[in-house]
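The next block holds one structure in the form of structure tokens; read it before the comments.
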Amino acid sequence: MTMPHPDGVASPLDVVSHAADLPEPRRFPAIAPGFAYGGDYNPEQWPESVWAEDVELMRRAGVTTVTVGVFSWGLLETADGVFEWGWLDRVLDLLHENGIGVALATPTAAPPMWLLRAHPEIATVDERGVRTAPGGRLAWSPSSAVFRRYALRIVRAMAERYGSHPAVRLWHVSNEIGNENAQCFSDETTVAWRAWLADRHGDVDAVNAAWGTAFWGHRYGSIDEIDPPRFSRTAHNPGLRLDWARFTSDALLGHYLAERAVLREVTPHLPVTTNFMVMGDPGTDDYARWAREVDIVANDHYLRPEVEDRAGDLAFSADRVRGMGEGRPWLLMEHSTSAVNWQGVNLAKDPGQLARNSLAHIARGSQGALYFQWRQSSAGAEQYHSGMVPHAGADSRVFREVVEFGALLGRIAPAAATTVERARVAILFDDQAAWALRAGPGPTDRLRAFDLPQLLHRTLTARGIGVDVLPTSAPLDDRDLILVPTVPVVGEPVAAALAAAAERGAQVLVGFSTGVLDENGRVLTGGYPGRLRELLGVRSTEVRPLAPGESAATDAGWTASLWTEDLELRGAEALVRWSGGVLDGVPLLTRRPVGEGAALYLATRPDERGAADIIDRLVDAAALAPVAEIDPGLEATRRIGDAGSFLFVINHDTDAPRAVRAHGVDLVSGRSSAGSFEIPPGGVAVIQEAR
Ligand code: GAL
């Protein structure tokens with residue numbers, strides 16, 4: 001997979017696409033000569049006199065790659081069918097002359113004002129019937145035929161004009177599809193929704209049966225009676241809501257696929273992607289499904305102030321993005337150099353945090369670090385969002401850190417020819433799991449699909465143990481520890497795969513709320529957790545959520561919150577029981593030996609000590625070793641390949657140095673050691689390990 005570079009350094013990995021439309025995997029040249037570095041570049045916001053300084057500063061910072069064209073439709077097609085390419089021609093030429101590659105965006109994320117005026121029906125309609133007004137972005141409905149026609153016309157025109165421009169390395173379709181246009185309840189969408197239902201279920205009787213529409217007497221007489229879940233004073237049917245979520249993702253994906261078809265036809269030599277939004281609570285798109293349609297998975301990630309462990313949140317997201325691409329390299333398309341502008345309080349990053357955050361994504365498989373955006377805007381809705389070049393200009397802390405990080409990427413370039421070492425641990429988690437959880441009111445509205453997965457993930461990563469976060473449908477063949485914390489729908493094939501994994505020796509931990517629903521969102525009766533009762537050797541007869549702020553004690557010395565269950569043993573042994581209260585003596589952590597392995601059930605949300613206790617037991621049972629011996633406060637991951645083995649280490653402790661045991665040379669500091677490396681407070685290291 002790697003090719004020798006003229007200077008003896010292995011060159012970065014080519015993009016090897018496994019996209020579903022290709023008859024066989026297709027190889028495209030690497031996006032950049034090392035790790036891609038740069039960001040969204042919006043020269044159209046500035047007079048041309050600024051462009052020369054832009055490229056001069058880009059060269060100073062080691063920028064290799066910029067994303068151009070996002071949101072620029074209104075400046076490229078200034079009136080219906082009137083194209084003005086001049087400025088973009090000049091920008092692409094200038095970038096190419098300066099050795100900077102381009103991820104060229106189709107500009108469809110922001111329809112022009114003239115189009116919204118002429119065809120207001122292309123805009124999304126909300127659940128109360130209000131149509132989105134011009135003035136924002138992503139206002140379009142994926143089910144609008146008129147929008148599709150106009151969008152594909154500009155996409156084709158761009159592909160024909162720039163498909164062979166030497167600066168262009170990658171197509172970036174639209175932008176964050178499903179962000180502001182997450183849902184549309186228009187009449188045109190309703191027609192598409194009904195067609196989707198007929199396709200999935202066959203006929204109305206099947207829909208009635210799947211959703212259990214006898215409840216409240218909601219039986220439909222024909223599929224044409226089924227509306228989207230528009231505003232209602234009560235909860236909609238969970239089966240309907242789950243299908244609506246699936247339909248919405250498919251409708252948005254349909255738009256991406258339509259653009260991709262044009263790009264493939266006109267420019268088959270260029271890879272195509274679109275930027276995902278894998279951060280925090282899953283949104284609209286079923287990214288495990290979408291990942292099969294892009295040539296390289298690309299993601300946008302922003303830190304969220306409400307999250308306590310922001311580095312852990314980032315690591316979970318990056319491991320998830322890698323998992324949905326089956327471990328292949330991916331690309332961090334956007335993150336920020338400092339503050340964003342769309343949160344209540346937009347926290348600036350601390351000195352050194354830019355390097356820690358950007359490197360953390362690369363350590364977990366990104367082939368680069370791109371930011372939103374190159375130059376901080378002076379006008380428009382995002383004028384206070386940070387950029388690589390801040391309002392203050394190049395003489396600023398942020399730009400100095402941008403330049404330093406660019407230099408660091410140059411020093412670690414050999415690692416661009418590697419991928420993240422495959423983990424023996426898998427956490428199953430995907431968007432569909434989150435949708436199932438929120439499709440209907442559950443026992444508590446405080447349960448978040450990603451809460452327990454993230455708790456277990458950070459408990460493992462604190463021990464230096466590598467984790468792959470995989471979609472529920474992923475093969476589990478060679479994993480030794482499989483965690484299924486909160487996946488309400490576990491289909492028969494997944495249940496069988498979990499049982500087979502335990503049989504051959506894996507430790508399988510199932511968390512509460514997993515396996516309780518069928519594919520249509522109906523509760524599997526006979527006791528929780530439905531399809532997994534037998535494998536786990538337990539049966540739960542009642543969920544007893546805890547009140548906000550309440551916690552319950554266990555006989556292992558730690559406490560738990562949020563959720564408890566009245567659990568019976570049916571072949572499993574109890575490892576931990578409740579101590580005191582109504583459930584005194586009732587098991588909450590159980591284990592059933594299965595073949596060479598075991599199946600464990602966790603019926604609550606443990607505190608940090610509880611999570612540590614549970615993970616320690618599992619790490620012992622699965623005989624897992626850390627990627628390296630690390631002091632607390634360090635994050636360590638390994639990338640490997642023909643080019644060698646690279647240990648990425650990040651010190652999240654900004655007050656004290658921390659040590660990692662390793663043998664090799666740190667490409668960041670130039671130091672070598674055969675024993676241990678001290679990572680400065682808040683510092684990073686990339687240790688090329690001695691073979
Ligand atoms: C992303 C978007 C960018 C920019 C950025 C700000 O959601 O793709 O265009 O708005 O957020 O953080």
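Just follow the structure's listing: the first ligand is 1, and inside any ligand the first atom is 1.
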Subject >> Under 4.0 Å from ligand 1 - residues by heavy atom, chain and number >> reply: F71, R137, N175, E176, N179, D300, Y302, E334, W342, F372, E382, H385

Subject >> Residue pairs fulfilling salt bridge (charged side-chain N to carboxylate O under 4.0 Å, His left out) with at least one residue in residues 63-82, sequence neighbours excluded >> reply: E77-R153, D80-R153

**OP:** Would you list the pairs meeting salt bridge (charged side-chain N to carboxylate O under 4.0 Å, His left out) in which at least one residue belongs to residues 111-128, sequence neighbours left out?
**Re:** none

**OP:** Determine the interplanar angle of the H361 and W330 rings, folded into 0 to 90°, and report it as parallel if under 30°, tilted if 30 to 60°, perpendicular if over 60°.
**Re:** perpendicular

Subject >> Parallel, tilted or perpendicular: ring planes of F247 versus W244, cut at 30 and 60 degrees >> reply: tilted

Original post:
What residues form a salt bridge (charged side-chain N to carboxylate O under 4.0 Å, His left out) with D250, not counting sequence neighbours?
Top reply: none

Subject >> side chain to side chain donor-acceptor pair (under 3.5 Å) assessment of S358 paired with H335 >> reply: CA-CA 8 Å; S358 302; H335 66 318; 2.7 Å; yes

